[in-house]
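Structure first, commentary second.
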Amino acid sequence: MTVIAPPAQPTRLHPARVARIVTWAFLITNVVIIHVMYFSVSRPAHNVIGATGRLLGLYLAFMMALQLLLVARLPLLDRGFGMDHLTAWHRWTGFSIFWLAVLHPIFVLLGFARYDRISFLAETTNFSKQLPVLLGMIAVGLIIVVVALSVRAARRRLPYEAWHTVHLLLYVVVVLGVVHQVYEGTAFKINIWTQVYWWGLWAFAIGALLTGRLFLPLVRNARHRLRVAAVVPESEDAVSVYVTGRDVHLLPARAGQFFLWRFPGYNPWWQVNPFSLSAAPNDRFLRLTAKGVGATSRGLRQLPVGTRVFVEGPYGALTASQRVRSATVLIAGGIGVTPIRSLLEDPDLTDVVVLYRVRNAGEAVLGGELLNLARTRGARLHLLSGRTGPGNQPFAPESLAALVPDIVERDVFICGPAALTVAVLDALRRLGVPKRQVHAELFRLAGG
């Protein structure tokens with residue numbers, strides 16, 4: 001008997017691998033070019049201190065351009081790494097910009113003060129009389145304000161809407177920074193090619209930002225004309241909002257993703273929140289489900305039917321495109337159930353086990369829908385309730401292994417509060433689940 005093997009399936013590069021290759025190539029190439037430019041300057045600084053300041057200035061400008069690319073939410077990065085990773089990089093890039101913005105002028109001024117043989121304060125006063133330098137100093141001051149309000153202690157006291165509004169100051173910083181470079185930059189003015197590279201880099205970063213965060217959302221919203229179709233309470237503090245429009249099926253959204261939502265005419269324009277889709281996209285409506293933890297999410301219950309909706313996105317990599325195995329575990333905590341509920345509808349996920357952690361069964365938002373979907377799809381649903389403590393550690397390694405004995409052979413999708421996500425990730429690591437099979441999205445981005 002002759003057995004004919006089926007044709008080999010084409011190898012598909014994983015989105016994360018593609019994103020890593022492109023990102024590292026971009027970073028290494030630009031860092032090399034920056035150092036070549038720096039060491040090729042025909043007019044060196046007067047001393048080592050001033051030279052160090054110049055190099056820090058190049059680092060600062062590059063990090064600002066990099067930050068714009070992160071804020072632009074390039075699809076390649078978003079689908080490859082996910083918004084959680086990009087948010088973490090955005091945060092650390094911001095702190096790097098802060099230190100570079102502080103150290104760059106200090107070293108430059110110290111270098112000139114030493115050369116001119118005057119005090120640091122006197123040199124600072126002299127330079128502040130030059131408009132491009134003064135604009136740079138103002139930019140540094142704005143960066144300090146934004147970073148001060150972004151540290152954890154301050155961030156916890158700020159509503160999401162206020163924090164988001166404060167961050168709009170960074171666009172002012174970009175404008176001031178570009179003007180400062182035009183008049184004060186030296187390293188990238190060696191020849192026409194270095195100028196083409198430098199301003200090409202900035203044109204790419206600003207163009208990506210304007211395209212991803214302004215032009216594309218404007219075009220999509222003008223095309224689809226989204227409006228609130230229904231508001232449905234799901235529990236005492238959770239509500240679902242159904243949104244309809246023209247050709248909603250043409251929005252490039254997938255189960256597990258989220259949008260940034262605005263409700264102009266009901267909320268101020270600057271109030272924007274990330275809410276996941278709590279149902280898989282279809283040709284009739286989009287649905288978000290949120291818990292009342294902020295001003296916008298609490299006010300969703302009073303949204304009038306017919307209210308205009310403006311969205312940015314979709315964003316997020318918590319989708320079936322990330323899977324590498326044929327079987328799946330979906331783990332949700334609290335309102336983090338929204339993208340998990342959406343994923344349960346995705347036909348690309350097979351042999352599904354759902355673990356839903358809540359304090360009590362009465363708080364299981366969308367619990368009835370999960371149960372019906374699980375029955376329809378032949379999935380197993382475990383509702384994990386009760387106070388965590390001795391005898392009730394649902395995400396301890398031994399508990400996960402008991403609930404899903406073959407978990408090492410499955411993709412695992414996680415969405416919930418940070419503490420739950422960290423606990424699950426630690427348990428999966430101890431169980432030996434390969435990292436490439438683990439896909440997580442934190443509650444702060446998924447449920448608002």
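All values reported here derive from a predicted model rather than from experimental measurement. Residues: numbered from 1 along the sequence shown.
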> So S399 and Q393, side-chain hydrogen bond (donor to acceptor under 3.5 Å, both in side chains) or not? Walk me through it.
Replying inline: CA-CA 7 Å; S399 300; Q393 300 281 347; over 6 Å; no

Evaluate the side-chain proximity of [Y] to [X]: yes if any heavy-atom separation is below 4.5 Å, no if none is.
{"X": "Y266", "Y": "L300", "result": "no"}
{"X": "Y356", "Y": "V337", "result": "yes"}
{"X": "L100", "Y": "M63", "result": "yes"}
{"X": "P233", "Y": "R301", "result": "yes"}
{"X": "Y242", "Y": "L288", "result": "no"}
{"X": "L260", "Y": "R73", "result": "yes"}
{"X": "V352", "Y": "V354", "result": "yes"}

>> On a heavy-atom basis, which atom in L303 and which in V231 lie closest, and how many Å separate them?
In response: O-CG2, 3.5 Å

>> Can you give me the closest heavy-atom contact between D411 and V324, atom names plus distance?
In response: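 So the minimum-distance heavy-atom pair works out to OD2-N, 2.8 Å.
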
>> Run the side-chain hydrogen bond (donor to acceptor under 3.5 Å, both in side chains) test on S278 and T338 for me, step by step, so that the C-alpha distance in whole Å, both residues' side-chain angles and the decisive distance to 0.1 Å come before the verdict.
In response: CA-CA 4 Å; S278 59; T338 52; over 6 Å; no

Parallel, tilted or perpendicular for [X] and [Y], by the 30°/60° rule?
{"X": "F26", "Y": "F204", "result": "tilted"}
{"X": "F81", "Y": "W89", "result": "perpendicular"}
{"X": "F263", "Y": "W261", "result": "parallel"}

>> Walk me through whether E312 and R262 qualify under salt bridge (Lys or Arg N to Asp or Glu O under 4.0 Å).
In response: CA-CA 9 Å; E312 287 183 49; R262 287 183 173 89; 2.9 Å; yes

> Is E369 salt-bridged to R375, going by a charged N under 4.0 Å from an acidic O?
Replying inline: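 Answer for the salt bridge query: no.
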
> Under 4.0 Å between a Lys/Arg side-chain N and an Asp/Glu carboxylate O for D346 and R254?
Replying inline: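 Salt bridge flag = yes for R254 with D346.
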
> If you round to the nearest 0.5 Å, how far is CG of L355 from CD1 of I340?
Replying inline: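 Here the rounded value is 10.0 Å.
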
> How about H35 and Y59: are their ring centres within less than 6.0 Å of each other?
Replying inline: yes

> Is it true that a side-chain atom of N221 and a backbone atom of P217 form a donor plus acceptor pair closer than 3.5 Å?
Replying inline: yes

>> Tell me whether N282 contacts the main-chain N or O of F285 through its side chain, where contact means a donor paired with an acceptor under 3.5 Å.
In response: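 Confirmed, N282 side chain pairs with F285 backbone.
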
> Does the pair H224 and D247 meet the rule for a side-chain hydrogen bond (donor to acceptor under 3.5 Å, both in side chains), with working shown?
Replying inline: CA-CA 6 Å; H224 297 292; D247 298 329; 5.8 Å; no

